[in-house]
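A short write-up of the structure that comes next.
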Amino acid sequence: MPTRDRPIRTRYAPSPTGPQHIGGIRSALFGWLFARRHGGQFILRIEDTDQKRSVRGSVEQIVASFDWLGLDIDEGPHIGGDYGPYVQSQRLDMYQGWANWLVEQGYAYRCFATPEELAEMRKAGRGYDRRYRDFPADRSAERAARGEAHVIRFKMPLAGTTSGIDSIRGEVAFDNAQLQDAVLLKSDGFPTYHLAHIVDDHAMRISHITRAVEWLPSFPLHLHIWHAFGWEKPQFAHLPVLLNPNGKGKLSKRKQQFADSQGKSVPVLVHEFQSAGYLPEAVVNFLTNIGWNFGDDREVFTREEAISRFDLQDVNPANSAYPIAKLDWLNSQWIQRVDANDLARRLKPVLESVGYAVDEALLRKVAPTLQVRLKSLNDVLRMAGFFFESWSDFAAPSAEIVIQRKMDASSTLDILRGALPLLEALDNFSPEAQQAAMSAFAASRGLRNGAVFGSLRAAVSGQKVSPPTFDTMQILGKAESLRRVKLAMAALENTLS
RNA sequence: GCCCCAUUCGUCUAGCGGCCCAGGACGUGGCCCUCUCAAGGCCAAAACAGGGGUUCGAGUCCCCUAUGGGGCACCA
């Protein structure tokens, strides 16, 4: 039985198949949270034993994704560690050694069945018929020595049941008669997952194997392999997976975007979250809320707060539809929560990405007006991009934008004509002072505030929707604001003549 | 086909036999606030898959069915 007091070490062991998918992060996150909770280590190991599936550059993408999300890795191919190498293709001799050891000990055997024979057996409806399970050891060794292609298979018990403890769902039992003699070592000398992960998890002192539910069916196989080796077993936690937003099928790796019920496109790759303007804090918060909950109805919390409460036993065993709509809300919550200067820092690259030369001082003034208005960092473009356009190139907006509801060109012109000298007379151009003057003006003319404020908003921003009018004018400055009001007046005069 | 796992509002979830005529959140609808857009506040509609047991008592335990997910590769 595993002892409870060994150091907590968990790992994420992806295949290097390209950009990091959010489903993998979800699984990794729970292992990471658990390790951090217990002051243990979190390890990255690359499982590249299937040569055909390996994609160059994958490790860099995976590491970049973890970096962005702030999930720190203690040991891995990019940083090394005491139990390396952390790439399976660099550990081949270990797997071969242990596979042979299992054969020598009688726990495994060489199988010379050809791919054609296997295909026939499959067609016949059943799996591998164990035809080499009891093949004489001397003849087996002889054929291998002659260089005949073969794999090594594990001898599963033929009867009885195997049960194991899953940290999330408790005891799980399997009928041994249903299980197959799985391949441990392929004919190309590479191990399968079944062999490799056990050799590595043992060598790397992994205390808790956290992996997706699709591994549950091979759990009994793994238990027997651990037993054959005689190694202390880790604890196992088979994590639920993310389903598509409609609840149908596992969240796809192939379809990178698809429409949810609102017709929005849905990010599934980590870099897509980044480019869609989500904060990493929000993404982590979002993922943490699926299949686990904070415990006191809190939905918004930091990763540190989550660490302080996380336990694998509290993970909900059921798979869940990908509740992507909640991410937008969470993102807006996080945008409101971060410090305004921090928000400015995060907004800068977004503005630069569309070609603005960003004045940081200006951005720091704009950011506070945006905190309650952005769902995504990218919304800054639509809401406040005009601040970063060349001011001298500012063109008066069309009358259609300046003229407010129930107003016309001439009444709007009247408003601007009346407002201009009042604003000009202000020594203090604070939003409060502006608002006091403009409210009084509106009242004196019997106008709605909206008619006055809205005309000014459009005049100075060129937009129907913007940050509050008087904040906008303060940021633009009195001179620039008044210049724009005059521009709008001139444009309106033109439409009237 | 066989095996495993799961099943509470549309969705994410709380609930580990009585505190539940089921709580929170997102989304949706309404109202309030309001210079636009938001944010915020208040309110509303909305669920224990079905059927059998066990028990004084079941969303909570057991069984069956249904549905969903996964597995049955020399992929992980």
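Here is the naming used below: chain letters follow the sequence lines, and residue numbers restart at 1 for every chain.
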[N] phosphate, OP1 or OP2: any side-chain N/O from [X] under 4.0 angstrom?
{"X": "A/Arg153", "N": "B/C74", "result": "yes"}
{"X": "A/Asn319", "N": "B/G69", "result": "no"}
{"X": "A/Lys52", "N": "B/C74", "result": "no"}
{"X": "A/Ser15", "N": "B/C75", "result": "no"}
{"X": "A/Ser332", "N": "B/A38", "result": "no"}

Nearest to the side chain of [X] - [options]?
{"X": "A/Gln180", "options": "B/C72, B/G24, B/A76", "value": "B/C72"}
{"X": "A/Gln336", "options": "B/A25, B/A39, B/U13", "value": "B/A39"}
{"X": "A/Gln333", "options": "B/G40, B/C12, B/C5", "value": "B/G40"}
{"X": "A/Val372", "options": "B/A76, B/A38, B/C35", "value": "B/A38"}
{"X": "A/Ala318", "options": "B/U36, B/U13, B/A6", "value": "B/A6"}
{"X": "A/Asn293", "options": "B/C75, B/A14, B/C26", "value": "B/A14"}
{"X": "A/Asn316", "options": "B/A38, B/A14, B/C4", "value": "B/A14"}
{"X": "A/Pro323", "options": "B/C12, B/C37, B/A6", "value": "B/C12"}
{"X": "A/Asp50", "options": "B/G40, B/A76, B/G69", "value": "B/A76"}
{"X": "A/Lys250", "options": "B/G70, B/A39, B/C75", "value": "B/G70"}

Worksheet item: With nearest nucleotides of RNA chain B determined for A/Lys248 and A/Phe174 from heavy-atom distances, which residue corresponds to the more 5′ nucleotide?
Response: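 Looking at the nearest nucleotide for each, A/Phe174 comes out on the 5' side.
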Fill in: Position toward the 5' end of RNA chain B (nearest nucleotide), A/Phe453 or A/Arg122
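Nearest-nucleotide comparison on RNA chain B picks A/Phe453.
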Do [X] and [N] share a donor-acceptor pair, side chain to base, under 3.5 Å?
{"X": "A/Thr192", "N": "B/C74", "result": "no"}
{"X": "A/Arg169", "N": "B/C5", "result": "no"}
{"X": "A/Glu299", "N": "B/G24", "result": "yes"}

Which value, in whole Å, describes the distance between the [atom1] atoms of nucleotides [N] and [M]?
{"N": "B/C5", "M": "B/G10", "atom1": "C1'", "answer": "24 Å"}
{"N": "B/C20", "M": "B/G59", "atom1": "P", "answer": "13 Å"}
{"N": "B/U60", "M": "B/G41", "atom1": "P", "answer": "35 Å"}
{"N": "B/G51", "M": "B/C37", "atom1": "P", "answer": "48 Å"}
{"N": "B/C42", "M": "B/C4", "atom1": "C1'", "answer": "48 Å"}
{"N": "B/U13", "M": "B/G29", "atom1": "C1'", "answer": "22 Å"}
{"N": "B/C31", "M": "B/G70", "atom1": "C1'", "answer": "47 Å"}
{"N": "B/U8", "M": "B/U67", "atom1": "C1'", "answer": "15 Å"}

Base, sugar-phosphate, or nothing: which does [X] touch, judged by heavy atoms less than 4.0 Å apart?
{"X": "A/Ser466", "answer": "base"}
{"X": "A/Gly291", "answer": "sugar-phosphate"}
{"X": "A/Val151", "answer": "base"}
{"X": "A/Ala113", "answer": "base"}
{"X": "A/Val172", "answer": "sugar-phosphate"}
{"X": "A/Ala173", "answer": "sugar-phosphate"}
{"X": "A/Leu185", "answer": "nothing"}
{"X": "A/Gly127", "answer": "nothing"}

Figure out the [atom1]/[atom2] separation between [X] and [N], and round it to whole Å.
{"X": "A/Arg298", "N": "B/U13", "atom1": "CZ", "atom2": "P", "result": "19 Å"}
{"X": "A/Gln463", "N": "B/A38", "atom1": "CD", "atom2": "P", "result": "14 Å"}
{"X": "A/His238", "N": "B/C5", "atom1": "NE2", "atom2": "P", "result": "12 Å"}

Across all strands, who's sitting opposite [N] as a Watson-Crick or G-U wobble pair, both distances under 3.5 Å?
{"N": "B/G68", "result": "B/C5"}
{"N": "B/G29", "result": "B/C43"}
{"N": "B/U34", "result": "none"}
{"N": "B/A58", "result": "none"}
{"N": "B/C19", "result": "none"}

Discussion item. Ring of A/Tyr132, cation from A/Arg153 - is the NZ or CZ under 6.0 Å from the centre and inside 45° of the axis?
Written reply: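 Judged by the rule, A/Arg153 and A/Tyr132 form no cation-pi pair.
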Discussion item. Does this structure show an ion pair linking A/Asp201 with A/Arg11, if we count only N-O contacts that are shorter than 4.0 Å?
Written reply: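 A salt bridge is present here (some side-chain N lies under 4.0 Å from a carboxylate O).
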Worksheet item: With the threshold set at 4.0 Å, does a side-chain nitrogen-carboxylate oxygen contact exist between A/Glu117 and A/Arg131?
Response: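 Salt bridge flag = yes for A/Arg131 with A/Glu117.
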Worksheet item: Just by modelled atom types, is the A/Leu216 backbone N or O under 3.5 Å from a matching donor or acceptor in the A/Arg211 side chain?
Response: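 No.
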Practice prompt. Assess whether atom CD of A/Glu305 is packed by more than 12 heavy atoms of other residues, nucleotides or ligands within 6.0 Å.
Written response: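 Yes - once you tally the heavy atoms of other residues, nucleotides and ligands closer than 6.0 Å, there are more than 12.
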Fill in: A/Arg56 CZ: over 12 foreign heavy atoms closer than 6.0 Å
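12 or below, so no.
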Worksheet item: Would you call the rings of A/Trp215 and A/Tyr193 parallel, tilted or perpendicular if under 30° counts as parallel and over 60° as perpendicular?
Response: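 Ring orientation of A/Trp215 relative to A/Tyr193: parallel.
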Fill in: salt bridge (Lys or Arg N to Asp or Glu O under 4.0 Å), paired with A/Asp181, selected from A/Arg133, A/Lys155, A/Arg110
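The residue from A/Arg133, A/Lys155, A/Arg110 that satisfies salt bridge (Lys or Arg N to Asp or Glu O under 4.0 Å) with A/Asp181 turns out to be A/Arg133.
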Discussion item. Among A/Asn316, A/Leu312, A/Leu239, A/Asp314, exactly one meets side-chain contact (heavy atoms from CB on, under 4.5 Å) together with A/Trp292. Which residue is that?
Written reply: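 Among the candidates, only A/Asp314 passes.
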